[in-house]
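These values consider heavy atoms only, across backbone and side chains, with no hydrogens, waters or symmetry-generated copies. Along the sequence shown, the residues carry numbers beginning at 1.
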Amino acid sequence: MTSETLGRSQGQRTGSFLLHAGMVLAALAFLFPFFWMVTNAIRPNAEVLAVPPQLLPSDWQWSNFVYAWLYLPFGRFFLNSIIVAGGITILTLAVSSMAAYAFARLRFPFSGSLFVVYLATLMVPQAVIVIPLFLMMSWLGWMNSFQGLILPMAFSTFGTFMLRQYFLQIPKELEEAAMIEGCSRLTIFLRIILPLSRPMLGLLALFTFTGQWNSFLWPLIIVNGPEYSTIPLGLTLFQSQQGVQWNYMMAGSTISMLPGILLTLALQRYIFSGIAMGSGFGGR
């Protein structure tokens with residue numbers, strides 16, 4: 001082995017080591033907030049804001065998770081979040097997939113212009129439409145209700161765009177062959193397009209569920225009591241005139257992460273497939 005080849009090999013090993021070391025440091029930096037949250041969840045409340053901070057608790061109080069669950073009607077908040085986030089996810093998948101198929105395959109007047117206008121709504125912040133939505137829900141009598149929490153948030157421009165771009169990659173020959181066999185548009189959509197789009201549907205389901213699970217602004221406006229409060233609203237109730245129960249709040253936050261983690265693990269295969277397919281987005 002020549003000195004030039006040896007030097008190149010050593011340089012490659014050094015570069016690989018530095019690359020992996022940098023990735024490990026970046027991963028630790030991203031994971032540290034979660035580590036800090038969990039350690040605060042199992043320490044006495046007086047130690048949470050102690051100076052200097054302690055990396056590990058002096059007294060491991062695993063019972064904080066039980067107390068956090070019982071301190072407030074946390075079970076009710078958890079159930080409300082599942083109903084709201086699950087309902088929005090199901091409706092978003094249904095509406096976005098149908099709208100995406102219409103924009104991708106159906107030809108109707110001004111379809112291109114309508115799609116541009118549809119995409120333009122992505123630039124409208126949610127805070128801008130909160131007041132009109134609040135007035136609409138008030139007029140319909142849907143304040144402090146599940147329908148008021150779910151229906152206004154059940155339409156996703158991003159989801160429609162993402163699914164449309166994927167539908168455009170599905171060969172039209174599959175639909176033409178199905179039409180020759182006598183299949184209707186609805187049958188083609190249900191039996192061909194949707195089964196082929198499971199990776200993207202899984203990815204959209206994960207994005208929608210986690211986003212709505214952590215949503216705070218709209219539930220804060222539409223809900224005026226604990227009966228329909230979701231977890232983000234419920235966590236604020238750990239603040240009282242006597243102070244903030246930081247350890248209980250961190251315990252509740254840790255519990256609230258479990259559905260997102262379980263959903264990610266359940267949809268892991270679809271997530272990686274969706275990301276790989278999404279890297280080739282083109283469309284027409």
Novice: Give me the atom names and distance for the closest heavy-atom approach of S253 to L235.
Specialist: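 Distance-wise, the nearest heavy atoms are OG-CD1, 3.6 Å.
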
Novice: Counting only heavy atoms not in I131, do more than 12 fall under 6.0 Å of its CD1?
Specialist: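 Counting neighbours around CD1 of I131, 12 or fewer heavy atoms of other residues, nucleotides or ligands fall under 6.0 Å, so no.
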
Novice: Shared ILVMFWY cluster between L237 and L233, side chains joined below 4.5 angstrom?
Specialist: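 No.
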
Novice: Can you tell me how far apart CZ (F158) and CG (L204) are? Round to the nearest 0.5 Å.
Specialist: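 Answer rounded to 0.5 Å: 7.5 Å.
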
Novice: Closest approach of P57 and E47, non-hydrogen atoms and distance?
Specialist: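 Shortest heavy-atom separation between P57 and E47 comes out as CA-OE1, 3.7 Å.
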
Novice: Give, for atom OG1 of T157 and atom CE of M123, the distance between the pair rounded to the nearest 0.5 Å.
Specialist: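 Reported value, rounded in 0.5 Å steps: 10.5 Å.
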
Novice: Please round to the nearest 0.5 Å and tell me the distance separating atom CG of L203 and atom CG of L163.
Specialist: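 It comes to 9.5 Å.
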
Novice: With a 4.5 Å cut-off on side-chain heavy atoms, are F216 and T236 touching?
Specialist: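 SC-SC contact between T236 and F216 confirmed.
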
Novice: Quick check on F34: does its CZ atom have over 12 non-hydrogen neighbours (other residues, nucleotides or ligands) under 6.0 Å away?
Specialist: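 No, CZ of F34 has 12 or fewer neighbouring heavy atoms, counting only those of other groups under 6.0 Å.
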
Novice: Should E175 and R185 count as an ion pair when the cut-off is N to O under 4.0 Å?
Specialist: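 Looking at R185 together with E175, the answer is yes, because their closest N to O distance falls below 4.0 Å.
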
Novice: Please answer: with hydrophobic residues joined when any side-chain heavy atoms are less than 4.5 Å apart, are I193 and L201 in the same cluster?
Specialist: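 Yes, same cluster.
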
Novice: Identify the two heavy atoms, one from S229 and one from V223, that lie closest to each other, and give their separation to 0.1 Å.
Specialist: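 Where S229 meets V223 most closely, the heavy atoms are OG-CG1, 3.7 Å.
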
Novice: Could you tell me whether the side chain of W218 and the main chain of G148 form a donor-acceptor pair under 3.5 Å?
Specialist: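 Yes, because the side chain of W218 sits within donor-acceptor range (under 3.5 Å) of the backbone of G148.
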
Novice: Using 30° and 60° as the class limits, which term best fits the ring planes of F238 and Y71: parallel, tilted or perpendicular?
Specialist: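 Rings of F238 and Y71: parallel, under 30°.
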
Novice: Mind checking the CD1-CD spacing from I180 to E173? Nearest 0.5 Å is all I need.
Specialist: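 Atom-to-atom, I180:CD1 and E173:CD are 10.5 Å apart.
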
Novice: Checking S215 side chain against Q212 main chain: does a donor-acceptor pair fall under 3.5 Å?
Specialist: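 Judged by distance alone, no pair lies under 3.5 Å.
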
Novice: Can a donor-acceptor pair be found, under 3.5 Å and without considering hydrogens, that links the side chain of S138 to the backbone of F134?
Specialist: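 Looks like no, no N/O pair under 3.5 Å.
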
Novice: Find out if a path of hydrophobic residues (ILVMFWY) with successive side-chain heavy-atom gaps under 4.5 Å connects F115 to F155.
Specialist: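 Not linked; separate clusters.
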
Novice: Would you say the rings of F103 and Y118 are close, in the sense that their centroids are separated by under 6.0 Å?
Specialist: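 Between Y118 and F103, the centre distance is under 6.0 Å.
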
Novice: Rounded at 0.5 Å granularity, tell me how far CD1 in I90 sits from OG1 in T208.
Specialist: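 Reported value, rounded in 0.5 Å steps: 11.5 Å.
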
Novice: Please check this pair: side chain of R105 against backbone of A102, looking for a donor-acceptor N/O pair closer than 3.5 Å.
Specialist: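 No, the answer is negative, given that no donor and acceptor are paired below the 3.5 Å cut-off.
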
Novice: So which heavy atom on L91 is nearest to which on I150, and how close?
Specialist: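 Between these two residues, the closest heavy atoms are CD1-CG2, 3.8 Å.
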
Novice: Side chains of M153 and L133: closer than 4.5 Å at any heavy-atom pair?
Specialist: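 Heavy-atom side-chain distance check passes, below 4.5 Å.
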
Novice: Mind telling me whether W36 and F32 have parallel, tilted or perpendicular rings, with 30° and 60° as the class edges?
Specialist: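 Plane angle under 30°, so parallel.
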
Novice: Consider only side-chain heavy atoms of I, L, V, M, F, W and Y, link residues closer than 4.5 Å, and tell whether M250 and F30 are in one cluster.
Specialist: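 No: no chain of side-chain contacts under 4.5 Å links M250 to F30.
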
Novice: Check step by step if side-chain contact (heavy atoms from CB on, under 4.5 Å) holds for R164 and Y101.
Specialist: CA-CA 6 Å; R164 173 190 178 271; Y101 183 72; over 6 Å; no

Novice: Any sub-3.5 Å donor-acceptor pair from S96's side-chain atoms to L93's backbone N or O?
Specialist: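 Such a contact is absent between S96 side chain and L93 backbone.
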
Novice: Does the side chain of P152 come within less than 4.5 Å of M137's, by heavy atoms?
Specialist: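 Yes. Closest side-chain heavy atoms under 4.5 Å.
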
Novice: Is the ring pair F167/F189 parallel, tilted or perpendicular, if the boundaries are 30 and 60 degrees?
Specialist: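 If you compare the ring of F167 with that of F189, the planes turn out perpendicular.
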
Novice: Can you name the closest pair of heavy atoms from F209 and G86 and give their distance?
Specialist: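 The answer is CE1-N, 3.9 Å.
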
Novice: Could you tell me whether the side chain of W213 and the main chain of S256 form a donor-acceptor pair under 3.5 Å?
Specialist: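 Flag set: sc W213 to bb S256 pair under 3.5 Å.
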
Novice: Any idea which heavy atoms bring F78 and P259 closest together, and the distance?
Specialist: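 Scanning both residues, the minimum pair turns out to be CZ-CG, 3.5 Å.
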
Novice: Report the C-alpha distance between W142 and L151 in whole Å, list the side-chain angles of each, state the deciding distance to 0.1 Å, and finish with yes or no for side-chain contact (heavy atoms from CB on, under 4.5 Å).
Specialist: CA-CA 10 Å; W142 287 359; L151 292 180; 3.4 Å; yes

Novice: With no hydrogens and no angle check, is any side-chain donor or acceptor of N80 less than 3.5 Å from a backbone partner on E227?
Specialist: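 Checking the backbone N and O of E227 against the side chain of N80, a donor-acceptor pair under 3.5 Å is found.
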
Novice: Does the side chain of L196 come within less than 4.5 Å of L174's, by heavy atoms?
Specialist: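 Yes. Closest side-chain heavy atoms under 4.5 Å.
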
Novice: Are F35 and M23 co-members of a hydrophobic cluster defined by side-chain heavy atoms under 4.5 Å apart?
Specialist: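 No, it is not one cluster - the side chains of M23 and F35 are not joined through contacts under 4.5 Å.
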
Novice: Quick one: does any side-chain atom of N45 pair with a main-chain N or O of W246 as donor and acceptor, under 3.5 Å?
Specialist: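 Yes, N45 side chain to W246 backbone: donor-acceptor pair under 3.5 Å.
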
Novice: Are any of the side-chain heavy atoms of I222 and N144 separated by less than 4.5 Å?
Specialist: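 SC-SC contact between I222 and N144 ruled out.
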
Novice: Do the side chains of F65 and I42 get nearer than 4.5 Å, heavy atoms only?
Specialist: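 Yes, their side chains come closer than 4.5 Å.
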
Novice: Does Y67 reach the side chain of W69, with side-chain heavy atoms less than 4.5 Å apart?
Specialist: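 They are not in contact (no side-chain heavy atoms under 4.5 Å apart), so the answer is no.
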
Novice: Any chance you could measure T39, atom OG1, to Q54, atom CD, to the nearest 0.5 Å?
Specialist: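 If we round to the nearest 0.5 Å, T39:OG1 and Q54:CD are 10.5 Å apart.
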
Novice: Do side-chain atoms of S197 reach the backbone of M200 as a donor and acceptor pair under 3.5 angstrom?
Specialist: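 The answer is no, because no donor-acceptor pair under 3.5 Å joins these two groups.
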
Novice: Side-chain contact test, heavy atoms from C-beta onward, threshold under 4.5 Å: evaluate it for Q245 versus N247 and give yes or no.
Specialist: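 They are in side-chain contact.
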
Novice: Should T230 and F77 be marked as a side-chain contact (heavy atoms from CB on, under 4.5 Å) after you check the CA-CA gap, both sets of side-chain angles, and the distance that decides it?
Specialist: CA-CA 5 Å; T230 56; F77 301 154; over 6 Å; no

Novice: Ignoring hydrogens and geometry, is there a side-chain-to-backbone donor-acceptor pair from N64 to R43 under 3.5 Å?
Specialist: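 Checking the backbone N and O of R43 against the side chain of N64, a donor-acceptor pair under 3.5 Å is found.
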
Novice: For residues T92 and S156, is any side-chain donor paired with an opposing acceptor at under 3.5 Å?
Specialist: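 No donor-acceptor contact under 3.5 Å links the two side chains.
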
